[in-house]
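Heads up, the thing below is written out as structure tokens.
Only this structure's heavy atoms are used, side chains among them; waters, hydrogens and symmetry mates stay out. Note on naming: letters A, B, ... go to the chains in the order of the sequence lines (proteins, then strands), and numbering restarts at 1 for each one.
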Amino acid sequence: MEKTTLTVNDFNLKYSFESGQPLSFYADFLNNELAYTAKNHIVNIKQENNKIILKSDDIIFAKKELISRFRLKDPMKTIYNEISTDSFMAESISRYKGLHITLNDPWETLVVFIISQNNNIRNIRNSVLKLIELFGTETEFKTKNFPALNDLLNAKENDFKKCSVGFRAKYLKNAVDYCTNNLDLYKLKQKDYETIVQELLQVNGVGNKIADCVALMGYGKLEAFPIDIWIKRILEKIYFKGNKTDIKILKSFAMQKWEKYAGYAQQYLYWNARNNFNSY
DNA sequence: ACCCAGGCGGGCG
DNA sequence: CGCCCGCATGGG
């Protein structure tokens, strides 16, 4: 294993990993050390204050992977300035300073978030690990890659059910077919936010929330603002006097308030709500 | 036993 | 159109 170190600012590996983003459903985080497989390579990341210790069989690849996956070039000072519009957001940011949005493979992101619907973190991870075990290709290090679209072409609905995904099995099967025959996820990379969402919504089993998650974490569209049950609850509690409020209203409120970095605002709200909801 | 989880599609009014 | 309900699985 080759090794290198680099210096980072306004980055916290633990928060970025733990906050319910795609990597959290299959990577290992033990003793403050993150380990996962990407494109047939081992990636091993450890943080000590402002220092990242990176280990890999291919250190050039791993360095690019690290910088890209954790968006280390994001202008965090600017982002914090833009989204810190009120005391609640300011507190959310200060609690989890250094939490980055991650940038993941679009297909991987789509699969993970299809599995996430009406589900909980623990079950999602359990299903994703089973999916990798069943369909992921093995590396020379005996670890497995997250299954690419091509690895799933022959998977049947019943094969997906072996991964404890229940009713979502038909959505996964449909997503494989649709992305094989009707939609090239990788061509979408050059499109804008609205186009990406509209295209993703054509996939049966993908609604507004999943489309926004994929736009944000699979395509890097930072203006996307996915609204799940926790975002809904915390927005209502903090900004709507506890009143039940339609998701469409919440969404236009958030997108106007946080604009091009709404996705970052969303991630800080989400993680703060998940961890501290009852203290507000 | 009942409720909930990073929702969505379909059917009914 | 909007509203509401079922949906698999596992844990509290």
Side-chain angles (χ1 to χ4, degrees), chain A residues 15-27 92 96 99-104 106 108-131 133-134 155-179 197-219 221-222 224-238 244-252 254 262-278:
Chain A
Y15 298 151
S16 305
F17 168 72
E18 287 182 338
S19 56
Q21 302 192 245
L23 264 183
S24 71
F25 300 121
Y26 64 91
S92 302
Y96 300 106
L99 194 172
H100 279 222
I101 295 289
T102 59
L103 179 61
N104 308 272
E108 177 175 318
T109 311
L110 180 62
V111 167
V112 162
F113 281 105
I114 285 175
I115 293 173
S116 81
Q117 66 178 94
N118 196 35
N119 209 343
N120 61 50
I121 299 280
R122 186 191 175 114
N123 287 351
I124 298 165
R125 183 170 163 98
N126 179 42
S127 289
V128 170
L129 289 176
K130 284 184 182 173
L131 189 76
E133 186 52 40
L134 262 183
K156 296 170 185 165
E157 184 176 337
N158 270 335
D159 294 323
F160 289 117
K161 284 193 174 171
K162 293 173 191 163
C163 304
S164 308
V165 296
F167 66 91
R168 307 167 196 86
K170 63 177 179 294
Y171 296 147
L172 291 172
K173 168 73 177 127
N174 174 70
V176 170
D177 293 344
Y178 193 83
C179 294
V197 166
Q198 285 314 307
E199 292 293 335
L200 290 172
L201 287 176
Q202 304 308 309
V203 185
N204 191 273
V206 175
N208 292 117
K209 192 271 175 182
I210 294 177
D212 272 329
C213 279
V214 177
L216 179 61
M217 301 170 206
Y219 291 96
K221 300 303 180 187
L222 296 183
F225 192 88
I227 300 185
D228 75 317
I229 184 67
W230 289 98
I231 293 292
K232 185 174 189 316
R233 282 204 279 250
I234 198 69
L235 286 180
E236 287 169 346
K237 190 168 188 176
I238 303 296
K244 295 289 180 194
T245 308
D246 189 90
I247 286 184
K248 282 187 174 175
I249 296 176
L250 295 176
K251 189 156 169 173
S252 66
Y264 259 101
Q266 177 273 157
Q267 200 63 21
Y268 280 85
L269 288 176
Y270 172 77
W271 201 230
N272 196 10
R274 287 296 308 250
N275 293 316
N276 310 296
F277 188 81
N278 291 129

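At a threshold of 4.0 angstrom between heavy atoms, the contacts of A/S19 include nucleobase atoms, whether or not backbone atoms are also involved.
Rounded to the nearest Å, the gap between the P atom of C/dC4 and that of B/dG6 is 24 Å. Atom P of B/dG10 sits at a distance of 14 Å from the matching atom of C/dA8, rounded to the whole Å.
Separating the CD1 atom of A/I247 from the P atom of C/dC3 is a distance of 12 Å, rounded to the nearest angstrom. Put simply, CG on A/L110 is 14 Å from C1' on B/dC8, counting in whole angstrom units. Following rounding to the nearest Å, A/F113 (CZ) and B/dA5 (C1') show an atom-to-atom distance of 14 Å. Atom CG of A/N204 is separated from atom C1' of B/dG7 by 13 Å (rounded to the nearest Å).
Applying the 3.5 Å distance criterion, the base of B/dG6 shares a donor-acceptor pair with the side chain of A/Q266.
Two residues, A/S116 and A/L201, neighbour DNA chain B, and the one matched to the more 5' nucleotide by heavy-atom proximity is A/S116. Between A/G205 and A/Q267, the residue whose closest nucleotide on DNA chain B is further toward the 5' end is A/Q267.
Figure legend. B/dG7 is base-paired to C/dC7; pairs are counted as Watson-Crick or G-U wobble with both atom distances under 3.5 Å.
Salt-bridge annotation for A/K156 and A/D159: absent, with no side-chain N of the basic residue lying under 4.0 Å from a carboxylate O of the acidic one.
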- Readout for nucleotides 6-12 of chain C: B = base within 4.0 Å of protein heavy atom, S = sugar-phosphate only, - = neither; 5' to 3' it is -BBBBS-

